[in-house]
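Note sheet for the following structure.
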Amino acid sequence: MDLQLEGRTVLVTGASSGVGLATTELLLAEGANVIACARDQGRLDAAVGALPGAERAYAVTADVTDRTQVEAAVQQGLAHFGSLDAAVCNAGRSLMSTLTDASDDDIRTELELKVFGSWNVIRAARPALAASPVGAVVNVNAILARQPETRLAVTSAARAALLNLTRSMAAELAAEGIRINSVCLGLIDTGQWRRRYEAYAAGGGTQSYSEWSAEIAADRGISLGRFGRAEEVAYPIVSLLSPRASYLTGASIDVGGGVTRQP
Ligand SMILES: NC(=O)c1ccc[n+]([C@@H]2O[C@H](COP(=O)([O-])OP(=O)(O)OC[C@H]3O[C@@H](n4cnc5c(N)ncnc54)[C@H](OP(=O)(O)O)[C@@H]3O)[C@@H](O)[C@H]2O)c1
């Protein structure tokens with residue numbers, strides 16, 4: 001099926017790794033132009049530069065929590081491609097911490113990343129998205145937004161704030177023709193989990209990565225019994241951006257392999 005994204009321009013934050021990189025790859029394969037954003041220019045250039053269709057990708061560096069940097073990145077992308085039709089607000093990480101262990105700064109930083117990491121991008125891109133006949137945004141979120149975990153208490157709360165805000169953004173920006181949806185992730189095998197495994201192994205853990213991840217998948221009640229792959233998230237993201245999804249806004253799709261504990 002033609003997703004009607006050929007020649008469209010999409011901004012992807014967190015494009016140098018994991019879900020953002022897989023999304024960039026799929027968008028390029030669909031014939032879209034991609035404004036690829038992350039903080040580390042070298043890593044971004046190496047990752048995106050190796051993708052098929054990389055000549056239609058343009059790398060910009062910005063910290064998504066910094067409004068000025070995000071505005072500059074959007075302007076650079078617009079100057080390069082001339083238009084902007086969609087954005088994927090994906091940059092982020094999670095904070096393994098209970099509320100008891102988190103400092104006030106940890107909590108502020110996490111809220112800043114989840115809330116402003118999306119709002120800074122949407123606010124900066126808004127005039128261009130409104131000018132597009134197919135303006136669309138996907139906020140990459142987590143199932144934690146509705147199903148908090150004590151060991152990820154701060155991240156869960158920040159995710160809930162983003163999910164709620166996404167509904168409000170979708171309602172407010174609909175009048176400008178901009179659709180905004182959420183993709184809520186379960187456990188996806190990306191840099192985040194590889195780093196956690198490295199910490200486990202460095203701490204004396206003896207399981208292989210596949211044993212370790214299968215145990216976590218079972219513990220979290222994932223019906224499919226395994227972590228997801230980044231490309232399994234990229235497709236739902238890109239399909240929501242597609243003009244074929246023109247009646248979808250304010251929606252949230254869980255991509256969690258059938259995690260069953262959600263209320
Ligand atoms: N993997 C999972 O199981 C999972 C589960 C639920 C939700 N999520 C969410 O899904 C999104 C993608 O995660 P992932 O697993 O693909 O992560 P990843 O592999 O660690 O990639 C994170 C990407 O975000 C960029 N980034 C991080 N902080 C940034 C900032 N402040 N400004 C700009 N770019 C930033 C990183 O590049 P630089 O470091 O160079 O900036 C990198 O490109 C994140 O929002 C994550 O929280 C992931």
Once you round to the nearest 0.5 Å, how far does [atom1] of [X] lie from [atom2] of [Y]?
X	Y	atom1	atom2	result
L21	L26	CG	CG	11.5 Å
Y197	S208	OH	OG	6.0 Å
S17	Q192	OG	CD	8.5 Å
I216	R226	CD1	CZ	15.0 Å
T190	R93	OG1	CZ	14.0 Å
I222	I143	CD1	CD1	8.0 Å

Quick check: closest heavy atoms across [X] and [Y], and the distance to 0.1 Å?
X	Y	result
A15	A38	N-CB, 4.4 Å
I122	C89	CG1-SG, 4.0 Å
A125	V74	CA-CG1, 4.2 Å
L3	S242	O-OG, 2.8 Å
G20	V12	O-CG1, 3.7 Å
S239	A245	O-CB, 3.5 Å

Test side-chain hydrogen bond (donor to acceptor under 3.5 Å, both in side chains) applied to D63 and T65, step by step:
CA-CA 5 Å; D63 183 328; T65 62; 2.7 Å; yes
Show, in sequence, the C-alpha distance, side-chain angles and deciding distance for N139 and S182, and conclude whether the side-chain hydrogen bond (donor to acceptor under 3.5 Å, both in side chains) test is met.
CA-CA 5 Å; N139 281 335; S182 301; 5.3 Å; no
[X] versus [Y]: any side-chain heavy-atom pair under 4.5 Å?
X	Y	value
I35	N33	no
D254	V259	no
E231	E25	no
E30	E6	no
L84	L78	yes

State whether the side chain of [X] and the backbone N or O of [Y] hold a donor-acceptor pair below 3.5 Å, judged by distance alone.
X	Y	result
S118	V115	no
E71	T68	no
R159	L144	no
D85	R8	no
N141	V183	no
D106	S103	yes
T13	N90	yes
Y200	T206	yes
T155	S94	no
S223	G258	yes

Given V137, which of V88, L129, L240, T166 fulfils the side chain to side chain contact (heavy atoms under 4.5 Å, CB included) condition?
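With V137 as partner, V88, L129, L240, T166 yield a single side chain to side chain contact (heavy atoms under 4.5 Å, CB included), made by L129.
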Examine [X] and [Y] and state if one hydrophobic cluster contains both, with Ile, Leu, Val, Met, Phe, Trp and Tyr joined whenever side-chain heavy atoms are less than 4.5 Å apart.
X	Y	value
V10	I253	yes
V138	L28	yes
L248	V134	no
Y235	I188	yes
L44	F81	no

Can you say whether the rings of H80 and Y58 are parallel (under 30°), tilted (30 to 60°) or perpendicular (over 60°)?
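Parallel.
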Assess the residue pair R179 and L173 against the criterion (side chain to side chain contact (heavy atoms under 4.5 Å, CB included)); give the C-alpha distance rounded to whole Å, side-chain angles, the decisive distance to 0.1 Å, and a yes or no.
CA-CA 7 Å; R179 297 184 300 107; L173 276 62; over 6 Å; no
Would L152 and M96 satisfy side chain to side chain contact (heavy atoms under 4.5 Å, CB included), going step by step from the backbone distance to the final call?
CA-CA 5 Å; L152 286 156; M96 269 288 185; 4.1 Å; yes
Quick test of your reading of the model: are [X] and [Y] salt-bridged, counting only N-O distances below 4.0 Å?
X	Y	answer
D189	R194	yes
E232	R229	yes
E110	K114	yes

Do other residues, nucleotides or ligands put more than 12 heavy atoms under 6.0 Å from E55 CD?
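Yes - once you tally the heavy atoms of other residues, nucleotides and ligands closer than 6.0 Å, there are more than 12.
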For W119 together with F116, are the ring centres under 6.0 Å from each other?
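F116 vs W119: aromatic centres not under 6.0 Å.
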Given side-chain hydrogen bond (donor to acceptor under 3.5 Å, both in side chains), test R146 with S252 step by step and report yes or no.
CA-CA 11 Å; R146 285 192 228 94; S252 167; 2.6 Å; yes
Test side-chain hydrogen bond (donor to acceptor under 3.5 Å, both in side chains) on N164 and R167 and set out the steps.
CA-CA 5 Å; N164 188 292; R167 294 293 303 270; over 6 Å; no
Worked check of side chain to side chain contact (heavy atoms under 4.5 Å, CB included) between V19 and I237:
CA-CA 9 Å; V19 171; I237 293 173; 3.7 Å; yes
Carefully, step by step, assess L5 and L27 under the rule side chain to side chain contact (heavy atoms under 4.5 Å, CB included).
CA-CA 8 Å; L5 289 166; L27 285 166; 4.1 Å; yes
